[in-house]
Amino acid sequence: MDWLKVNDLEELKKLGSFNEVRGQIKEEGWSQLHVSGRSWQGLLDSIREFREKVEKLQQLSTGECVHSLKGDVKQEAEAGYFNSRASEYIFYLTELDGELRLKKLGVNASHFSSKKAAKAWREQISKVIHPDFCSHQQATAAMAKLNDLYQQMVGRD
């Protein structure tokens, strides 16, 4: 992952041809990094943006919640990148948007067609990230985003 450590165009170009570097990124499984740049500068910008997101994720994952559904202080995230389920939800709510956010949060068409399903979904996540139970610095912002999504689902803007 030498490409992730580059600071300027010279360092990036030393890694190989433009297509080789793009290939390295995709080969290492970083499909989340949108490598659409058609120039070295565009590629460098994508890498920098990705690196910023990773750093932000590391900051968010330091938040610790004091409550979970089963009373455990921490609950290991499925992906292994988060130190708690709350950190995972908070990252998805505050840092992602659109279709990717919905996918990561487990939203599907039934949530938009059934108020009961939407409410159950909201309550499940709310129990993990609500600021009354979670001391994470972004818990309040994440709850606001969760409530906005819920309002969209039930048809109230």
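Just so it is clear, the structure is predicted and the values come from calculations on it, not from any experiment. Note that these values count all heavy atoms, side chains included, but never hydrogens, waters or copies made by symmetry.
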Apply side chain to side chain contact (heavy atoms under 4.5 Å, CB included) to M153 and V107, showing your working. CA-CA 10 Å; M153 289 176 186; V107 175; 3.6 Å; yes
Set out, in order, the CA-CA distance, both residues' side-chain angles and the distance that settles side chain to side chain contact (heavy atoms under 4.5 Å, CB included) for C134 and I90, then state yes or no. CA-CA 10 Å; C134 181; I90 290 169; 4.2 Å; yes
Apply side chain to side chain contact (heavy atoms under 4.5 Å, CB included) to the pair W40 and V21, showing each step before the final yes or no. CA-CA 10 Å; W40 284 105; V21 175; 4.2 Å; yes
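In this structure, CD in Q124 is found 7.5 Å from CZ in R85, a value given to the nearest 0.5 Å. Taking CG of L12 as the start and CZ of R48 as the end, the distance is 9.5 Å to the nearest 0.5 Å. Atom NZ of K145 sits about 11.5 Å away from atom CG of L105, to the nearest 0.5 Å. Atom CZ of F91 and atom NE2 of H136 lie 10.5 Å apart (nearest 0.5 Å). One distance of note links NZ of K103 with CG of L96; it measures 11.5 Å at 0.5 Å rounding.
Residues L102 and L149 have side chains in contact (heavy-atom distance under 4.5 Å, counting atoms from C-beta outward). Between I125 and I129 the shortest side-chain heavy-atom distance falls below 4.5 Å.
When all heavy atoms of V6 and L44 are compared, the pair lying nearest together is CG2-CD1, 3.9 Å. Pairing each heavy atom of A118 with each of V154, the nearest pair is CB-CG1, 4.1 Å. Contact detail for N7 and E11: the closest heavy-atom pair is N-OE1, 3.0 Å.
Under the side chain to side chain donor-acceptor pair (under 3.5 Å) criterion, D45 pairs with Q41, not counting sequence neighbours. Evaluation of the side chain to side chain donor-acceptor pair (under 3.5 Å) rule for R122 yields N147 as partners, not counting sequence neighbours. For S114, the side chain to side chain contact (heavy atoms under 4.5 Å, CB included) partners two or more places apart in sequence, or in a different chain, are K116, A117. Taking S110 as the reference, N108 meet the side chain to side chain donor-acceptor pair (under 3.5 Å) condition, with sequence neighbours excluded. Residues that satisfy the side chain to side chain contact (heavy atoms under 4.5 Å, CB included) test with A120, not counting sequence neighbours, are absent from this structure.
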If you look only at distance, which donor and acceptor atoms sit under 3.5 Å apart when one is on a side chain in residues 13-20 and the other is two or more places apart or in another chain?
residue : atom : partner : partner atom : Å
S17     : OG   : E20     : N            : 3.2
E20     : OE1  : S17     : N            : 2.8

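With hydrogens and angles disregarded, no donor-acceptor distance shorter than 3.5 Å links the side chain of W121 to the backbone of Y150. Judged purely by atom type and a 3.5 angstrom limit, R101 uses its side chain to pair as donor or acceptor with the backbone of L93.
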